[in-house]
Amino acid sequence: MDNSIKTVKAFYDQASEEEWGRMDRNFFEFEVTKAYLRKYIKPGDRVLDVGGGPGRYSFWLMEQGAKSTLVDLSDGNIALARKIAAERGVDLETIQGDARFVDRYTEGLYDHVLLMGPLYHLLKEEDRIQAVNACLKRLKPGGMLYCAFISNYANLVWLLSKAPDLINDEREAAWLAGLKKGVDYAGPAFTEAFFIQPAGIDPFMAQFPLTKKHLFSCEGIAAAFQSTLGEMPEKGRESWLTLCLALCEREEIFSWAEHLMYVGEKQG
């Protein structure tokens with residue numbers, strides 16, 4: 001385990017409760033992503049949730065009747081997932097492990113594999129390729145792979161909405177220089193992170209035996225405004241969610257979002 005991965009593991013080991021509650025604070029990311037998962041995941045389907053943190057999506061999918069196996073790098077995330085499973089009386093299989101080697105920790109084939117986290121914490125491209133290939137080894141032909149990325153514009157969205165004074169912070173200099181040049185960023189952020197240019201997602205995923213179904217912005221147009229919109233009365237919030245879903249596959253608004261999701265069907 002190299003130093004960057006150790007840093008990521010240590011970060012989530014102490015932030016598992018924060019990670020569990022993140023979807024409460026990011027209503028649009030959670031609801032838009034769930035809408036796409038509903039398109040394909042049906043009751044009785046087997047799901048492998050790789051890098052799924054303390055299991056927010058796994059628990060939701062089990063409520064929909066799917067069967068989920070959760071794999072995560074962080075001992076803290078896995079411990080919290082096991083605690084919540086015990087409290088709820090649900091049978092969630094949990095495994096502590098590295099996404100790059102998930103095929104070694106698991107057996108059999110799954111109808112769906114979620115890779116919604118590791119690709120934005122693996123700094124080296126060869127590690128990201130290895131993680132995708134490991135997931136594909138556990139995916140049935142015709143099964144669906146869901147890969148999440150953090151956009152290189154995510155930090156821009158965060159600075160503008162939360163901390164505009166940090167534009168002059170020297171810690172932002174390397175990311176900002178890359179943003180101006182239109183290149184990806186890999187290095188220190190909220191922890192060690194990889195931020196991709198949205199236009200680079202399709203070429204990266206094209207090297208794998210997948211048929212693209214969707215590329216969408218998880219927050220739609222709402223990323224910078226989730227705190228405000230999340231506090232709206234339900235009717236108004238649902239109207240904004242409807243608009244997010246209508247626009248979230250439009251490439252011209254990808255820079256509005258923090259997270260982007262590729263959905264592909266395994267060939268063969």
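If you're wondering where the values come from, they're calculated on a predicted model, not measured in any experiment.
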Would you say that more than 12 heavy atoms from the other residues, nucleotides or ligands in this model lie under 6.0 Å from the [atom1] of [X], or not?
X: Lys83; atom1: NZ; value: no
X: Glu170; atom1: CD; value: no
X: Glu234; atom1: CD; value: no
X: Glu87; atom1: CD; value: yes

Quick one: does [X]'s side chain have a donor or acceptor within less than 3.5 Å of a partner on [Y]'s backbone?
X: Glu258; Y: Ala223; value: no
X: Ser217; Y: Cys248; value: yes
X: Glu219; Y: His259; value: yes
X: Asp13; Y: Gly76; value: yes

Taking the side chain as every heavy atom from C-beta outward, state whether [X] and [Y] have any pair of such atoms under 4.5 Å apart.
X: Leu70; Y: Ile95; value: no
X: Phe27; Y: Leu241; value: yes
X: His121; Y: Arg128; value: no
X: His214; Y: Glu249; value: yes
X: Ile5; Y: Arg100; value: yes
X: Leu37; Y: Tyr57; value: yes
X: Leu123; Y: Asp127; value: no
X: Leu115; Y: Val132; value: yes

What distance do [X] atom [atom1] and [Y] atom [atom2] have between them, rounded to the nearest 0.5 Å?
X: Arg138; Y: Thr106; atom1: CZ; atom2: OG1; answer: 4.5 Å
X: Ser161; Y: Leu156; atom1: OG; atom2: CG; answer: 9.5 Å
X: Asp49; Y: Leu114; atom1: CG; atom2: CG; answer: 4.5 Å
X: Trp256; Y: Ser151; atom1: CH2; atom2: OG; answer: 13.5 Å
X: Gln14; Y: Ser74; atom1: CD; atom2: OG; answer: 9.0 Å
X: Gln197; Y: Asn152; atom1: CD; atom2: CG; answer: 4.5 Å

Q | Side chains of Glu172 and Asn155, donor plus acceptor under 3.5 Å | A |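 A donor-acceptor contact under 3.5 Å links the two side chains.
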
Which pair of non-hydrogen atoms, one from [X] and one from [Y], has the smallest distance, and what is that distance?
X: Ala154; Y: Ile150; result: CB-CG2, 3.5 Å
X: Lys140; Y: Leu109; result: CG-CB, 3.6 Å
X: Cys147; Y: Leu119; result: CB-CD1, 3.8 Å
X: Ala66; Y: Ile41; result: CB-CG2, 4.0 Å
X: Ala257; Y: Gly220; result: CB-O, 4.0 Å
X: Tyr153; Y: Pro198; result: CE1-CD, 3.7 Å

In this structure, would [X] and [Y] fall into the same cluster of hydrophobic residues linked by side-chain contacts under 4.5 Å?
X: Tyr40; Y: Leu215; answer: no
X: Phe11; Y: Tyr185; answer: yes
X: Ile253; Y: Val157; answer: no
X: Val183; Y: Trp175; answer: no
X: Val113; Y: Leu61; answer: no

**Q.** Chi angles and distances behind the side chain to side chain contact (heavy atoms under 4.5 Å, CB included) call for Asp184, Phe194
**A.** CA-CA 7 Å; Asp184 301 337; Phe194 170 68; 3.7 Å; yes

Looking at [X] and [Y], does any basic side-chain N land under 4.0 Å from a carboxylate oxygen?
X: Lys42; Y: Asp111; result: no
X: Lys6; Y: Asp2; result: no
X: Lys67; Y: Asp45; result: no
X: Arg22; Y: Glu29; result: yes
X: Arg237; Y: Glu31; result: no
X: Arg56; Y: Asp24; result: yes
X: Arg88; Y: Glu63; result: yes

Q. Would you say the ring centroid of Tyr120 lies under 6.0 angstrom from that of Phe195?
A.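 No, the ring centres sit 6.0 Å or more apart.
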
Q | Derivation of the side chain to side chain donor-acceptor pair (under 3.5 Å) call for Glu192 and Ser4 | A | CA-CA 6 Å; Glu192 295 293 295; Ser4 67; 5.3 Å; no

(Q) Run the side chain to side chain contact (heavy atoms under 4.5 Å, CB included) test on Glu125 and Gln130 for me, step by step, so that the C-alpha distance in whole Å, both residues' side-chain angles and the decisive distance to 0.1 Å come before the verdict. (A) CA-CA 9 Å; Glu125 183 167 3; Gln130 184 177 347; over 6 Å; no

Can you give each donor-acceptor pair under 3.5 Å made by side-chain atoms of residues 260-268, sequence neighbours left out, with the distance rounded to 0.1 Å?
residue : atom : partner : partner atom : Å
Glu265  : OE1  : Lys213  : NZ           : 3.3
Lys266  : NZ   : Leu136  : O            : 2.8
Lys266  : NZ   : Leu139  : O            : 2.7
Gln267  : NE2  : Leu210  : O            : 3.0
Gln267  : NE2  : Thr211  : OG1          : 3.4

**Q.** Pairs meeting criterion ring pair (Phe, Tyr, Trp, His ring centres under 6.0 Å) with involvement of residues 58-111, two or more places apart
**A.**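 Output for this query lists Trp20-Phe59.
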
Q: Show your working on side chain to side chain contact (heavy atoms under 4.5 Å, CB included) between Leu179 and Leu176 and close with a plain yes or no.
A: CA-CA 5 Å; Leu179 184 72; Leu176 191 57; 4.3 Å; yes

Q: Kindly determine whether Ile129 and Phe204 satisfy side chain to side chain contact (heavy atoms under 4.5 Å, CB included), including the steps that lead there.
A: CA-CA 9 Å; Ile129 292 171; Phe204 174 76; 3.7 Å; yes

(Q) For the residue pair Lys34 and Phe30, would you count it as a cation-pi contact if the rule is NZ or CZ under 6.0 angstrom from the ring centre and within 45 degrees of the ring axis? (A)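 Ring-cation test returns yes.
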
Q: Sequence neighbours left out, what passes side chain to side chain donor-acceptor pair (under 3.5 Å) with Gln226? Give chain and number order.
A: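 Per chain and number, Gln226 pairs via side chain to side chain donor-acceptor pair (under 3.5 Å) with Asn26.
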
